[in-house]
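Note sheet for the following structure.
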Amino acid sequence: MYRPRPVIPQSRFFSPFVVAFVVITTVLILAMTIGLLIHFLAFDKKTYFYHSSFQILNVEYTEALNSPATQEYRHLSERIESMITDAFRESNLRSEFIRTHVVKLRKEGNGVIADAVMKFRSSKRSNRKSMKNRIHSVLQILSNSGSLEITPSNEITSLTDQDTENFLTQECGARPDLITLSEERVIGGTLAETGDWPWQVSLQLNNVHHCGGILISNLWVLTAAHCFRSYSNPLQWTATFGVSTIRPILRVRVRSIVSHNNYRPTTRDNDIAVVQLERPITFNRNIHRVCLPAATQSIIPGSIAYVTGWGSLTYGGNTVTDLRQGQVRIVSTDECNEPAGYSGSVLPGMLCAGVPSGAVDACQGDSGGPLVQEDSRMLWFVVGIVSWGYQCGLPNKPGVYTRVTTYRDWIRQQTGV
Ligand code: 4AZ
């Protein structure tokens, strides 16, 4: 009887060696393709900075444009920044353009000139000359778009990283990086990194940290008057810069100390002082000034602020040698003055800030240091000076700060800043 032989598939295409070869080759080719893609998409890229000026024809220069603290300055800078951004987003440079920042508004004739830094990310092999030409042609679009009459300058300068750093550190309140700060359950908050709070000063008595301070110009440090109650001789004091109080990156002697004439130790009213350094310092990435708010700026209850310092982590504890930061929220003076809080001891020249649990707070040794807030343009403003509080880190007992806006004119009278 005929029985068909079972058919054993003998196709040579399915030989295990061939299968293995095909799989390995495919994987290798895929890996190489992915590797090359990653290389060209990510590692072949470099950051480039350019500077250009923009003449604004239909805005008259006024005193309000003299300081980045005013609404006028903020508003005009934001409009210019968004016009430049829109122009690049709609151009063939959209994938290279990262961000622009107006570093200065200046007066020319009756009009305004804005200096802006522009950041791009493009291939290492790209031609910088053709890049300048491409930027130039995109910026030409600005002259006939939007409500601002802008004439872009023909001059586009490519900046080194050092040039860019100089531009940004001349302006007040710029942090080198925008790091997300986390809340932690210690009064000290979390450790700061080099350059995070470049205006933070350590005021040292015979070379030992005694109080915090806030750099407001290349010559002046803002602080609390109570720091000098027992020691008012400038010869005993130095100011240090950098995150470590024991290995500072700069130490400068103090020339003079000016405490507020009406500082009252019992009520702690007018707890503010300015310290003049012996010589002007040169700003860099890790040492530069914070912005001062306008006297009229309102500080909004509930808004986020950061306090920084080398103060103790517990009431009665030791100060620390590495700078710490804590995220808090502004507490309204009414709430702060409730019977469970400070029962009316918080005066109009003071400002409260804390967290409901109390866990993040300033403490002994933080005095004189900054409470800062970020504005819509990522510039940082000092709104408070660490002044007092009932112990540290207790619920309903937020930190109390000198309200900087109240003393804006006093600061100008004493320092010219
Ligand atoms: C102090 O004694 C001090 N919790 C500073 C700030 C606070 C309390 C005390 C705020 O220098």
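Everything quoted here is computed from the prediction, not taken from an experiment. Whatever order the structure lists ligands and atoms in, that order sets their numbers, starting from 1. These numbers come from the heavy atoms of this one structure, side chains and all, not from hydrogens, waters or symmetry mates.
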- Using a strict cut-off of 4.0 Å, indicate which atoms of ligand 1 neighbour a heavy atom of Ser367.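 Those qualifying, in numeric order: 1 (C), 5 (C), 11 (O).
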Would you please indicate yes or no on a ring centroid separation below 6.0 angstrom for [Y] and [X]?
X      : Y      : answer
His226 : Trp388 : no
Phe97  : Phe120 : yes
Phe167 : His101 : no

Identify the closest protein heavy atom to [atom]: which residue and atom is it, and at what distance?
atom                    : value
atom 10 (C) of ligand 1 : Ala362 O, 3.3 Å
atom 6 (C) of ligand 1  : Val386 CG1, 3.9 Å
atom 2 (O) of ligand 1  : Gln364 CG, 3.3 Å

- Please determine if Arg74 forms a cation-pi arrangement with Phe381, meaning its NZ or CZ atom is less than 6.0 Å from the six-membered ring centre and no more than 45° off the ring axis.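 The answer is yes; both the distance and angle limits are met.
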- Query: When you measure from the centre of the six-membered ring of Trp199, is the NZ or CZ of Arg289 under 6.0 Å away and within 45° of the axis?
  - Reply: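 Output no; distance or angle outside limits.
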- For residues Tyr401 and Ala362, report the shortest heavy-atom separation together with the two atoms involved.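 So the minimum-distance heavy-atom pair works out to OH-CB, 3.9 Å.
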- Asp366 near ligand 1 by a heavy-atom separation under 4.0 Å: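 Contact check Asp366 vs ligand 1: negative.
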- Query: Should Gln391 be listed as contacting ligand 1, given a heavy-atom distance under 4.0 Å as the test?
  - Reply: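 Flag set, Gln391 near ligand 1.
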- Is Asp361 close to ligand 1, meaning an N/O of one under 3.5 Å from an N/O of the other?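 Yes.
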- Trp388 N/O to ligand 1 N/O under 3.5 Å: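 The answer is no, given that Trp388 and ligand 1 share no N or O pair closer than 3.5 Å.
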